[in-house]
Amino acid sequence: MNRTGCAALIALSISAFAGASLAEDAASIAQARHEHFKQIGAAMKGLSDELKTPAPSLVQVRGYTQRLDELAPQLPSWFPAGSGPAAGIKTHAKAEVWQKPAEFTKDAAAFALEAHKINAAAVRGDLAAVAAEAPALGQTCKTCHMAFRQKED
Amino acid sequence: MPLRPRPAALRTEAKRAPQVWDLPVRLFHWLLVALIAGAWWTADHGQMQIHRPIGYAIAGLLAFRLWWGVAGSSTARFSGFVKGPRAVVRYAVALARGGDAPGPPGHNPMGGWSVVGLLSLLTAEVGLGLFSVDVDGVESGPLADRVSFEAGRLAAHWHHWLFNGLLALIALHLLAIAAYALRRDNLLGPMLTGRKASAAAPGLRPAAPWRLWAGIILGLLAAVALAKGLKL
């Protein structure tokens with residue numbers, strides 16, 4: 001094998017290796033993202049379950065809203081470039097997340113704002129305000145999912 | 001206002017034809033058709049505040065039907081139409097040979113299993129719906145507060161997939177009705193009028209009225225109890 005061929009082979013194997021590890025990275029990023037969203041879902045469910053009880057516990061409610069307020073601002077950071085469906089990994093994130101970053105950021109910010117508002121109400125101890133805020137919070141999930149999440153079926 | 005007399009032919013036909021399905025069975029059937037269609041549409045359009053009550057109504061109907069299957073009129077009872085494999089094979093062979101295989105009024109040995117399949121699948125479908133949670137953790141069934149978010153999501157996935165199974169069985173049901181129609185055996189008419197001219201007389205044995213009332217109360221209680229998440 002001549003020198004050029006040898007170099008080409010080495011370059012090829014390095015790039016193949018790099019490509020494989022990139023895909024692996026994207027997959028692990030998507031997996032971590034999935035776990036984060038599961039935490040959000042669990043907190044949302046916990047909150048709405050608690051609010052449906054005859055006498056919701058403020059301590060419980062606060063635990064959930066605090067968790068949401070912590071997680072919501074981090075959301076955009078879970079979607080680094082190259083972690084979408086284009087990487088050939090299993091994800092429900094639509095390519096639009098990266099194609100329309102302004103809209104995506106806006107929807108994420110709306111969620112963060114509502115999460116913050118509902119947590120502030122919980123911290124104040126105002127359960128009525130928490131309950132009144134809950135539908136708007138849930139709507140931010142739906143709005144963003146409609147535009148940026150693949151419907152599962 | 002004088003009552004207009006019905007045409008003689010219609011009157012005697014209606015009188016002569018033995019009754020095969022009582023009113024509760026027919027009402028159950030057609031309410032179910034409407035409710036399943038409604039459940040399908042509301043699920044596809046995210047109308048959960050309507051999808052849930054439809055589910056409770058279906059649960060109530062199922063509770064009624066299970067009761068009617070042990071206490072109702074003769075053709076509604078499981079003991080009358082759930083037959084062993086030998087009877088099913090014998091019926092299938094007779095059918096394949098083009099014979100009429102009339103038998104007693106009510107479900108034939110194959111149709112009986114179709115009923116069992118549909119009722120079982122529907123019961124499982126409603127059961128899963130009770131524990132289902134949507135992806136946002138916002139919308140949920142009335143018993144979902146007893147399970148984790150992950151379990152609720154799993155229930156929702158199965159709820160979704162099992163509906164395809166239900167649709168497949170419904171398609172089979174419609175195909176069977178079409179196949180019988182080709183053999184000049186009308187199954188649709190009797191499900192509307194309750195009567196079938198070719199059925200063996202004297203038709204079904206009706207159940208005592210108290211049994212009907214008991215079933216209606218049972219169905220209502222089941223629907224209300226589930227709607228309240230069994231917290232009464």
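In this text, all values refer to a predicted model and were calculated from it rather than measured experimentally. Chain identifiers are assigned alphabetically (A, B, ...) following the order of the sequence lines, protein sequences preceding nucleic acid strands; residue numbering begins at 1 within each chain.
- Here B/Glu139 pairs with A/Lys142 in a salt bridge; the nearest charged N to carboxylate O distance falls below 4.0 Å.
- For A/Glu70, the CD atom is densely surrounded, since the number of other residues' heavy atoms within 6.0 Å is greater than 12.
- Within a 6.0 Å sphere centred on CH2 of B/Trp40, heavy atoms belonging to other residues, nucleotides or ligands number 12 at most.
- A 4.5 Å side-chain heavy-atom check between A/Met44 and B/Asp136 finds every atom pair outside the cut-off.
- Taking every heavy atom of both residues into account, A/Ser48 and B/Gly137 meet most closely at OG-O, 3.2 Å.
- Between B/Val135 and A/Arg149 there is a side-chain heavy-atom pair separated by less than 4.5 Å.
- Taking a 6.0 Å sphere around NE2 of A/His145, one finds it holds more than 12 heavy atoms contributed by other residues, nucleotides or ligands.
- If you tally non-hydrogen atom pairs under 4.5 Å between each of A/Leu47, A/Leu137, A/Asp49 and chain B, the highest count goes to A/Asp49.
- At least one side-chain heavy atom of A/Lys52 sits less than 4.5 Å from a side-chain heavy atom of B/Ser140.
- Minimum heavy-atom separation, A/Lys45 to B/Phe149: CD-CA, 3.6 Å.
- Enclosure of atom NZ in B/Lys228 is not indicated, since only 12 or fewer non-hydrogen atoms of other residues, nucleotides or ligands lie within 6.0 angstrom.
- More than 12 heavy atoms of other residues, nucleotides or ligands lie within 6.0 Å of CE in B/Met191, so this atom counts as buried by the packing criterion.
- The environment of CH2 in B/Trp158 is sparse: at most 12 heavy-atom neighbours from other residues, nucleotides or ligands sit within 6.0 Å.
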